[in-house]
Peer 1: 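Have a look at this one.
What you see below is based on every heavy atom in this structure, not just the backbone, and it leaves out hydrogens, waters and symmetry mates. In what follows, every chain begins at residue 1, and chains take the letters A, B, ... in the order their sequences are listed.
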Amino acid sequence: MKAKIVVGLDGHDSGERALAFAKKQAEMIGECELIVLYVVEWSPFSFQTAEENAQRSKRRGEEVAMAKERVIDPAIAGLEGPGMTVSGLVKHGDVADTINRVAKEHKASQIVVGRASDGGLARRIFGSATSNLVMGADVPVTVVA
Amino acid sequence: MKTLQTGALAALASVGMTGAAFAQEAMTLDQKVNQAFADATGPFVSLIFAPFPGTSFPWIVMWLVIAATVFTFYFAFVQFRFFGHAIALVSGKYSDPNDAGEVSHFQALTTALSGTVGLGNIAGVAVAIGIGGPGATFWMILAGLLGMASKFTECTLGVKYRNEYPDGTVSGGPMYYMSKGFAQLGLPGGKILAFMFSIFCILGALGGGNMFQANQAHAQISGIVGDYPGWITGIIFAAVVFAVIVGGIKSIANVTEKVVPFMGILYVGAAIVILAMNADKIGWAFGQIFEGAFTGLGVAGGMVGALIQGFKRAAFSNEAGVGSAAIAHSAVKTKEPITEGFVSLLEPLIDTVVICTMTALVIIITGQLVMNDAGTAFVLNEAGTAIKTIGDTSGVSLTSAAFGASISWFPYVLAIAVVLFAFSTMISWSYYGLKAWTYLVGEGHKRELVFKVIFCIFIVIGAAASLGPVIDFSDAAIFAMAVVNIFALYFLMKLVREELASYSARLKSGEIRRYEH
């Protein structure tokens with residue numbers, strides 16, 4: 001069976017470092033599938049206006065297209081190699097929960113994410129997506145500095 | 001809805017009396033406009049709010065309550081049977097994780113709630129209790145519970161017959177289920193009903209959903225900072241609303257979206273704190289509510305007076321049967337239209353049975369209503385029209401005084417809440433009006449802009465003038481929506497029953513199941 005690694009990207013430098021690390025891992029493993037994932041932060045329990053609700057489906061499509069174009073496609077472009085298959089995914093939801101869910105669904109052996117770079121006040125209080133993922137993941141997580 | 005029909009009428013009457021002496025002299029342009037408007041719309045207003053002969057019971061209230069009762073029986077008490085399921089739906093237990101990023105049941109519900117929670121819950125209840133006594137609360141709760149079935153019916157249809165466009169946007173509401181549903185059943189007249197509904201919806205949006213809100217918000221602000229011209233409030237409100245609905249300034253809407261639920265929670269929280277402080281009196285208060293419901297405890301009109309006020313305020317507050325909620329709920333992402341029906345039945349529960357009852361209990365428990373020395377009956381005010389209150393307050397000032405009696409600074413929070421609720425109601429109704437408008441004239445950026453600009457202009461007018469006749473007219477327009485909507489619902493309800501039967505069967509067989517999250 002092919003080993004699978006889920007790489008969580010955030011569109012910043014730390015995500016790229018995670019990607020580079022995962023690529024190196026995959027090369028060492030040999031037969032490996034990389035699933036590159038970008039999560040659009042979204043909560044079903046947020047408050048919206050009626051007009052936003054009516055436009056939501058359209059906006060969601062736009063968000064997915066934009067994430068694919070700006071984050072996923074450039075990331076995938078440099079990854080193809082011998083024995084390595086690469087796929088890209090864009091999902092909506094809580095970042096930590098969604099990365100974990102995708103990893104479980106694909107029976108991945110590892111999750112690779114970048115370390116959260118900026119530490120604002122909110123992150124100190126509520127924790128970053130990365131720390132939430134480390135705390136709650138069902139799959140081994142590698143955090144790349 | 002946040003209407004204060006009785007309050008407005010009373011205010012109008014007093015203005016009319018003091019103004020009568022001057023009326024013989026020159027009428028200003030404003031007065032002429034008001035007069036002309038009142039003359040033109042008077043018959044319509046009188047028709048909608050006409051009482052049954054020999055009573056003061058408006059037939060429109062009976063129309064709403066009878067409909068709610070019919071739907072309750074027709075769907076075999078759906079509001080109780082599927083209550084737990086509604087909660088599970090809202091909490092996302094049946095939501096497909098692959099639909100993440102689409103409108104959730106929770107979002108559709110809270111959006112609709114922000115359009116109904118407001119002045120009706122704060123001021124309207126005070127009017128009901130002030131006139132009908134504590135017993136009005138009982139009838140209000142009963143009407144709220146029955147209204148859950150009306151919401152269920154209209155919101156299921158709203159989702160079932162909405163328009164979904166190729167770009168992913170949706171439009172829904174009574175005008176769509178009237179035209180498409182009637183056509184499906186092979187009945188004539190669906191388009192005519194949809195046309196009538198749209199006209200009333202536009203008028204209601206500009207009136208009760210706009211001018212009345214602006215007017216009351218200005219009254220609140222000037223009550224705190226002192227009197228100043230209303231057009232200033234109007235311009236500020238119009239500018240902010242313009243920025244949100246035309247400019248698409250998400251940040252303002254986002255702030256409102258977060259602050260308004262917070263205000264709602266704060267309001268209920270404060271009420272609970274006050275009830276806890278007076279925990280020993282809660283039993284007594286409920287005793288008053290039950291006793292008053294059937295005897296009236298000496299209020300004007302007795303038991304019937306309490307019943308009228310309770311029914312009226314519930315209908316005015318939760319809008320069940322009006323059709324507005326069907327527009328708000330129709331954007332949800334679901335494969336089963338009926339799931340949004342289940343979710344929507346929580347709306348009258350939260351709005352009327354919880355929030356309105358909280359207001360009522362606080363007013364009763366803090367002893368705002370004056371009783372005779374024996375504590376057996378209420379003392380009426382000098383005019384004999386309402387119960388005498390400490391400080392002669394009524395409407396929003398009665399609620400304010402009740403909260404202020406226990407938490408001295410709360411009236412300021414309440415004032416802010418009223419202004420914010422007014423703002424969120426305007427945003428909601430601008431959308432309802434817009435949907436009716438685009439149903440009539442077609443969708444398109446320029447056409448939508450025309451309505452949005454008109455909407456903003458009416459905010460200034462609403463805040464600036466004391467437009468008694470206009471407000472009466474817009475109330476009437478909103479209830480005219482209910483006349484058309486409920487008429488259509490009677491024909492379409494069998495479609496909802498089919499959905500209900502199919503859905504419950506699949507729920508039982510396990511075909512519809514929870515997702516693991």
Side-chain angles (χ1 to χ4, degrees), chain A residues 6 8 11 35 37-69 71-72 87-108 122 126 129 132-133 136-139, chain B residues 90-92 95 97-115 162-173 244-245 248 250 252-254 256-262 324 327-333 424 427-432 434-435 448 452 516-517:
Chain A
V6 170
I35 300 158
L37 172 67
Y38 180 84
V39 181
V40 182
E41 180 74 56
W42 179 85
S43 166
F45 301 112
S46 60
F47 298 99
Q48 310 212 85
T49 63
E51 182 144 25
E52 282 174 322
N53 282 349
Q55 306 269 339
R56 187 59 222 157
S57 220
K58 183 183 171 191
R59 294 266 174 276
R60 179 181 184 258
E62 289 167 359
E63 284 160 9
V64 171
M66 191 183 275
K68 246 181 112 44
E69 186 194 320
V71 183
I72 297 295
S87 58
L89 276 178
V90 179
K91 295 269 179 189
H92 280 74
D94 176 78
V95 176
D97 286 352
T98 309
I99 293 178
N100 185 44
R101 190 163 52 79
V102 169
K104 275 202 296 186
E105 271 171 18
H106 288 84
K107 300 194 166 55
F126 300 112
N132 289 344
L133 179 65
D138 299 306
V139 178
Chain B
V90 174
S91 58
S95 305
N98 290 319
D99 286 340
E102 302 277 5
V103 179
S104 65
H105 285 302
F106 177 89
Q107 285 165 335
L109 176 67
T110 50
T111 300
L113 265 177
S114 77
R162 65 186 168 185
N163 273 6
E164 290 181 77
Y165 300 102
D167 71 350
T169 55
V170 292
S171 277
V244 172
I245 65 174
K250 289 272 162 31
I252 300 171
N254 285 340
T256 322
E257 287 148 24
K258 284 177 184 61
V259 174
V260 166
F262 173 75
S324 51
I327 305 177
H329 280 278
S330 64
V332 71
K333 174 75 180 182
S424 75
I427 300 286
S428 297
W429 274 94
S430 76
Y431 181 75
Y432 304 158
L434 180 70
K435 286 291 115 181
E448 292 182 10
K452 288 172 176 176
E516 278 185 36
H517 286 276

Peer 1: Run through B/Asp167, B/Val103, B/Thr169 and flag the one making a side-chain contact (heavy atoms from CB on, under 4.5 Å) with A/Gln55.
Peer 2: B/Thr169
Peer 1: Between A/Lys91 and B/Asn98, is there a side-chain heavy-atom distance shorter than 4.5 Å?
Peer 2: yes
Peer 1: Identify which of B/Ala100, B/Ser330, B/Ser428, B/Ala331 forms the greatest number of heavy-atom pairs closer than 4.5 Å to chain A.
Peer 2: B/Ala100
Peer 1: Who among B/Ala108, B/Ala328, B/Pro261 has the most heavy-atom pairs with chain A under 4.5 Å?
Peer 2: B/Pro261
Peer 1: If every non-hydrogen atom of A/Arg101 is compared with every non-hydrogen atom of B/Pro97, which pair is closest and at what distance?
Peer 2: NH1-CB, 3.5 Å
Peer 1: Would you mind checking which part of B/Val332 comes under 4.5 Å of any heavy atom in chain A, side chain (CB onward), backbone (N, CA, C, O), both or neither?
Peer 2: neither
Peer 1: For B/Glu164, enumerate each residue passing the side-chain hydrogen bond (donor to acceptor under 3.5 Å, both in side chains) test, keeping only those at least two apart in sequence or located in another chain.
Peer 2: none
Peer 1: Ignoring hydrogens, what is the shortest heavy-atom contact between A/Asn53 and B/Gln107? Give both atom names and the distance.
Peer 2: ND2-O, 3.7 Å
Peer 1: Name, in order of residue number, those residues of residues 39-50 of chain A that have a heavy atom at a distance of less than 4.5 Å from a heavy atom in chain B; otherwise write 'none'.
Peer 2: A/Trp42, A/Ser43, A/Pro44, A/Phe45, A/Ser46, A/Phe47, A/Gln48, A/Thr49, A/Ala50
Peer 1: For chain B, find which of A/Lys58, A/Arg60, A/His92 contributes the most heavy-atom pairs closer than 4.5 angstrom.
Peer 2: A/Arg60
Peer 1: Which heavy atom of B/Gly168 sits nearest to which heavy atom of A/Ser57, and what is that distance?
Peer 2: O-CB, 3.1 Å
Peer 1: Between A/Glu62, A/Glu63, A/Arg56, which shows the greatest number of heavy-atom pairs under 4.5 Å with chain B?
Peer 2: A/Arg56
